[in-house]
Amino acid sequence: MKKKKQDFSHLSATQPIGIFDSGVGGLTVAREIKKLLPHENLIYFGDTKHLPYGEKSREAIVGYSTKIARFLLEKNCKAIVIACNSATANALKEVLDEVADHVPVIDVINPVAEKVAYEIHNNVGVIATKATVSSGLYRKSIRKHNRFIKVDELATPLLVPAIEEGFKNHPITHSIVYNYLSNSKLKNIETLILGCTHYPLLIDEIRQYYGNRVRVIDSPGIVTNQLKMILDQHGLLNSKNPEPTYEFYLSDLTKTFEKISKKFFGNSIQLQLKTL
């Protein structure tokens, strides 16, 4: 059956891009979007009340994700980026069913899996939340494009809470990173995918562990390039906006989110409480 071509002619380049995650992790994607697409208006939703998604049931993640996607659609977004691996792994189909007829949807797993599959990689490791690893979506997506790649996935559930608590370059995260990366599942990998958007916040510590032995894939850049390509295809790139706006909505106001968001976007940003 031929796939129906999507028509987004009702959208305008001046509309904002919507981004959502369970907490601060998606800010690593938002930061890349700000860097690569500096004229775009952004609306970010952090579901800090329900984090970490990686410990929730699939049904709960679907419920949270579809509500947020509807909210971003109501906020007049021209595209929605699911900046959360657990949401992508468990709720991508439902989010697409909800909003894909109205706006393009970009996830954080498939662009990365496709890029890795078509480059020279033999043994790939993935560290991610329990919900993402349980879905097996990274393995399925990579092997769909290249069935010869060996993919080993390891659940690393302590990393997100540590990051959300503000531990970075700290003995606690050093210890957690060392214990996870020394797991026998990752013994022979040549490439490591950070399968959670929180994890790039620890990329220096992860690279320090490996030295030059393992290539560490930083997903936000890949996802942002995919977003740029899709917006360009549909004539939706905003190239004439000298003063872009950044709106942040949280289901629960947290100090960690405030600290990291202001570091990435400047002290003048306002965080708004929004219950869905």
Side-chain angles (χ1 to χ4, degrees), residues 21-22 25-26 28-29 32 52-55 58 82-90 92 107-164 167-226:
D21 180 43
S22 63
T28 61
V29 177
E32 282 299 313
Y53 277 12
E55 299 296 309
R58 182 182 179 279
I82 309 175
C84 175
N85 285 263
S86 297
T88 296
N90 290 274
L92 178 58
D107 71 85
V108 287
I109 292 181
N110 287 295
V112 176
E114 187 170 350
K115 185 172 176 62
V116 167
Y118 288 118
E119 292 179 349
I120 301 171
H121 304 271
N122 294 313
N123 297 318
V124 174
V126 179
I127 55 172
T129 65
K130 287 178 183 175
T132 299
V133 170
S134 296
S135 76
L137 187 56
Y138 269 104
R139 179 185 285 109
K140 293 171 199 167
S141 298
I142 292 170
R143 290 175 63 84
K144 180 177 77 174
H145 297 290
N146 185 340
R147 62 190 177 88
F148 299 105
I149 295 179
K150 184 175 185 291
V151 182
D152 289 304
E153 297 172 287
L154 179 70
T156 50
L158 292 178
L159 287 177
V160 170
I163 293 164
E164 288 285 347
F167 294 114
K168 186 185 171 189
N169 292 320
H170 189 281
I172 288 176
T173 48
H174 288 321
S175 177
I176 296 170
V177 166
Y178 179 85
N179 276 280
Y180 281 142
L181 298 185
S182 60
N183 189 289
S184 60
K185 269 195 174 183
L186 304 177
K187 186 178 179 183
N188 297 312
I189 63 169
E190 303 157 331
T191 300
L192 180 71
I193 295 173
L194 306 184
C196 173
T197 51
H198 282 71
Y199 297 175
L201 293 166
L202 298 177
I203 197 165
D204 291 340
E205 291 168 78
I206 292 167
R207 283 180 171 152
Q208 186 179 8
Y209 173 85
Y210 282 119
N212 295 318
R213 302 191 313 275
V214 170
R215 179 183 173 190
V216 180
I217 302 292
D218 192 2
S219 303
I222 298 170
V223 173
T224 302
N225 277 303
Q226 176 79 358

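For the pair Lys130 and Pro157, the tightest heavy-atom approach, listed with the atom from each and the gap, is CE-CG, 3.7 Å. Scanning both residues, Asp152 and Arg139, for their nearest heavy atoms gives CA-NH2, 4.3 Å. For Ser135 against Ala89, the heavy-atom pair with the smallest separation is OG-CB, 3.2 Å.
Considering only heavy atoms from C-beta on, Val133 stays 4.5 Å or farther from Leu154 through its side chain. Residues Ser134 and Arg58 fail the side-chain proximity criterion, which asks for heavy atoms closer than 4.5 Å. Glu205 places a side-chain heavy atom less than 4.5 Å from the side chain of Asn169. When side chains are defined from C-beta on, Tyr209 does not count as touching Val214, because their heavy atoms never get closer than 4.5 Å. Taking 4.5 Å as the limit, some side-chain heavy atom of Pro200 sits within range of a side-chain heavy atom of Pro220. Looking at heavy atoms from C-beta onward, Leu194 lies in side-chain contact with Val216 at the 4.5 angstrom threshold. Residues Gln226 and Lys115 have side chains not in contact (no heavy-atom distance under 4.5 Å, counting atoms from C-beta outward). Inter-residue side-chain proximity for Leu159 and Cys196 is flagged as unmet; no heavy-atom pair is nearer than 4.5 Å.
Side-chain atoms of Thr28 come within 3.5 Å of backbone atoms of Gly25 as a donor-acceptor pair (strictly under, hydrogens ignored). A distance-only check finds no donor-acceptor pair linking the side chain of Ser86 to the backbone of Ala131 [under 3.5 Å]. Formation of a donor-acceptor pair under 3.5 Å by the Ser182 side chain with backbone atoms of Asn179 is found in this model.
If you take CG on Asp218 and CD1 on Ile203, they are separated by 4.0 Å, rounding to the nearest 0.5 Å. With values rounded to the nearest 0.5 angstrom, Ile189 atom CD1 is found 9.5 Å from Arg213 atom CZ. In this structure, CD1 on Ile193 lies 8.0 Å from CD1 on Ile222, to the nearest 0.5 angstrom. Taking CG of Asp21 as the reference point, atom OH of Tyr53 lies at 8.0 Å (rounded to 0.5 Å). The CD atom of Glu153 sits 12.0 Å away from the CD1 atom of Ile127 when rounded to the nearest 0.5 Å. The line from CG of Asn122 to CD of Glu190 is 4.5 Å long, rounded to the nearest 0.5 Å.
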>> Before you tell me yes or no, could you show the steps for Leu186 and Tyr180 under side chain to side chain contact (heavy atoms under 4.5 Å, CB included), namely the whole-Å CA-CA distance, both residues' side-chain angles and the distance that decides it to 0.1 Å?
In response: CA-CA 9 Å; Leu186 304 177; Tyr180 281 142; 5.9 Å; no
>> For a side chain to side chain donor-acceptor pair (under 3.5 Å) check, start with the C-alpha distance between Asn110 and Ser141, then their side-chain angles and the critical distance, and finish with the verdict.
In response: CA-CA 6 Å; Asn110 287 295; Ser141 298; 3.2 Å; yes
> Given the rule in the side chain to side chain donor-acceptor pair (under 3.5 Å) test, do Glu164 and His198 qualify, once you have shown the distances and angles that lead to the verdict?
Replying inline: CA-CA 9 Å; Glu164 288 285 347; His198 282 71; 2.7 Å; yes
>> Pair Ile109, Asn85 - check side chain to side chain contact (heavy atoms under 4.5 Å, CB included), show working.
In response: CA-CA 7 Å; Ile109 292 181; Asn85 285 263; 3.4 Å; yes
>> Run the side chain to side chain contact (heavy atoms under 4.5 Å, CB included) test on Val177 and Ile206 for me, step by step, so that the C-alpha distance in whole Å, both residues' side-chain angles and the decisive distance to 0.1 Å come before the verdict.
In response: CA-CA 7 Å; Val177 166; Ile206 292 167; 4.2 Å; yes
>> Walk me through whether Lys168 and Leu202 qualify under side chain to side chain contact (heavy atoms under 4.5 Å, CB included).
In response: CA-CA 7 Å; Lys168 186 185 171 189; Leu202 298 177; 4.2 Å; yes
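More than 12 heavy atoms of other residues, nucleotides or ligands lie within 6.0 Å of OH in Tyr210, so this atom counts as buried by the packing criterion.
A side chain to side chain contact (heavy atoms under 4.5 Å, CB included) with Val124 holds for exactly one of Ile149, Asn146, Leu192; it is Ile149.
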